[in-house]
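The block underneath contains the structure these notes are about, expressed in C-alpha cells.
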There are 2 protein chains.
Amino acid sequence: MWALSTSGGDTAYHHGDLRRSLIAAARDLLRAGGVEAVTLREAARLAGVSHNAPYRHFASREALLAALATEGFRALRKALEEAGRRAEPPERLTALGRAYLRFADADRATFRLMFGGVVEDADHPDLAEASSATFGALRSVVTERESPAGAERDALRAWALVHGLAHLVADRQIDAARAEACLK
Amino acid sequence: MWALSTSGGDTAYHHGDLRRSLIAAARDLLRAGGVEAVTLREAARLAGVSHNAPYRHFASREALLAALATEGFRALRKALEEAGRRAEPPERLTALGRAYLRFADADRATFRLMFGGVVEDADHPDLAEASSATFGALRSVVTERESPAGAERDALRAWALVHGLAHLVADRQIDAARAEACLK
DNA sequence: CCCAGATGTTGACAATGCCCACATATCTCC
DNA sequence: GGAGATATGTGGGCATTGTCAACATCTGGG
C-alpha cells in the first residue's frame, strides 16, 4: 500500500512498514487495556501478519514495550519544548509543568509505561536516550531561573512536584484541573 | 504446622494457612522480579500445593496482586503513623515525608504495584479501604499545620512533592538521600 | 456417626512468548 | 538482466500461564 521511508531506519519491504504498523497497533492496545493488553500476537493480528512476523522487528515483547515508551518520551519532550517556546522565563516553568500534566492526563497508559518500571532503560539504548533527552529539556528550563545557591535542590523539587502530580493524575487520584492549580 | 488464626478471616485447614503462605510467596516473587514475576502457579509451587489450590483463596491473579498492594498500604500507613508519633508538629510533616520515601526506597516493587495501576482499587474493596485509610493518615498531618486559606492546595502540593520524589526514588532516577534533602 | 461444606488435586483448554526450519520478496553486484 | 545474498514473513511446535470443571479429602456440627 503506502511506502513511506521510516524514520527508524527500517526500509519498507513486503508489508509496507510493519514496524510502524506494529507500534501503532500496540499503542492502541496499550491505551485500551494497559500494559497487560499489549501482546505480540495481538499486535500481529491487528497488523494482518502472522504471529511470528513481529520478531523481525522486535527482539521480544519487552522491546516492543520499550519502543512504545520511547515514542512516549519523544512526544513528551516535544510537548515540553513547544510549551517552553510559547512562554517567557517568568511563566515558562509553569507552562512546562502544565504540558507535563496534560501529557499524563491525556495518555495515562503510556505515562505509566514510561515510568512504571516494566521496561528498564538500561536494556534499551533508544529508550535511555529518549528519556534522558526529555529530562534534559525539562532540566534546562527548571534551572535557568534560579541563582546558583540551592538551585539544584529547587530544580529537583520542581521536577518532583510536577512528577508527583502527574502520577496522581494518571492514577486518577486527583483530576487534572486540581493538579494544574498547584503549579503556582 | 503452625495454626494461627488469620487476620483475613480465613481459618486454618489442611495446609495450616495457605492464604498467608501464598501472600508471603508472592511478596518474595514481587520483590525479586517485579509484578510480571508474580504468578499463581509459582506461588503455589513455593507454598507446596497444587497449581489450583490458590483459587480457594484468590479469585484470580489480580486478586492476589490486590492482596499484596493492600498489605503494602497497611505497612505504609503504619510507617507514617509511627513517624508522626515520634515528631512534634513543626517537623512532623518532614518526618512523614521521610517515612514515605524510605518505604518507596526499601520496597520499590511493592510501591510500584501500589501506584502502578495494574490493579484497580475499585475492583477490590479491601484495597480501596486500605489505600484511602493511608491517604487519610497522611492528609490529617499535612493539613494540621496550615491556616484555612490555601490549606487544601498546600496539602496537595506537599503530598505531590513527596509522592513524586518517591516515584523518582523507586524508579532509581535519584537516590534516597537526595530525595530526603528536598523535604526542607 | 454421618453429612455438608471447606479445602486441595488432577486434568484440560486456550492464549502467549519464543524458537526452529522454511518460503518469498527485495537488493546488490556482475 | 540475472544470480546469490539478505531482509522479511509463514507455519509448526514447545513450555508456561490463567482459568475452568470434576473429583478427592479433610473438618466440624447435628
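Just so you know, these numbers come straight off a predicted model, no measurement behind them.
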Please report the distance, rounded to the nearest Å, between [atom1] in [X] and [atom2] in [N].
X     : N      : atom1 : atom2 : answer
A:E36 : C:dG17 : CD    : P     : 12 Å
A:D17 : D:dA7  : CG    : P     : 16 Å
B:H57 : D:dG18 : NE2   : P     : 17 Å
B:R56 : D:dA22 : CZ    : P     : 12 Å
A:L18 : C:dT26 : CG    : P     : 14 Å
B:F58 : C:dG8  : CZ    : P     : 11 Å
A:R19 : D:dA7  : CZ    : C1'   : 15 Å

(request) For A:T70, enumerate each residue passing the side chain to side chain donor-acceptor pair (under 3.5 Å) test, keeping only those at least two apart in sequence or located in another chain. (result) none
(message) Looking at B:Y55, I'd like to know whether one of its side-chain N or O atoms comes within less than 4.0 Å of OP1 or OP2 on D:dT19.
(response)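 Checking B:Y55 against D:dT19: at least one side-chain N or O falls below 4.0 Å of OP1 or OP2.
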If you restrict it to nitrogen or oxygen atoms, what contacts under 3.5 Å exist between nucleotides 13-17 of chain D and the protein, and what is each distance?
unit_1	atom_1	unit_2	atom_2	d
D:dT17	OP2	B:R45	NH2	2.9

If we only count heavy atoms from C-beta on, is the [X] to [Y] side-chain gap below 4.5 Å?
X      : Y      : result
A:R178 : B:R153 : no
A:I174 : A:L165 : yes
B:L65  : B:V38  : yes

(request) Using the ring-ring contact (aromatic ring centres under 6.0 Å, His included) rule, take A:F115 and B:F115 through it: C-alpha gap first, then chi angles, then the decisive distance, then the call. (result) CA-CA 11 Å; A:F115 295 104; B:F115 296 104; over 10 Å; no
(request) Evaluate salt bridge (charged side-chain N to carboxylate O under 4.0 Å, His left out) for B:R45 paired with B:E42, printing each intermediate quantity in order. (result) CA-CA 5 Å; B:R45 243 168 256 137; B:E42 185 62 23; 2.4 Å; yes
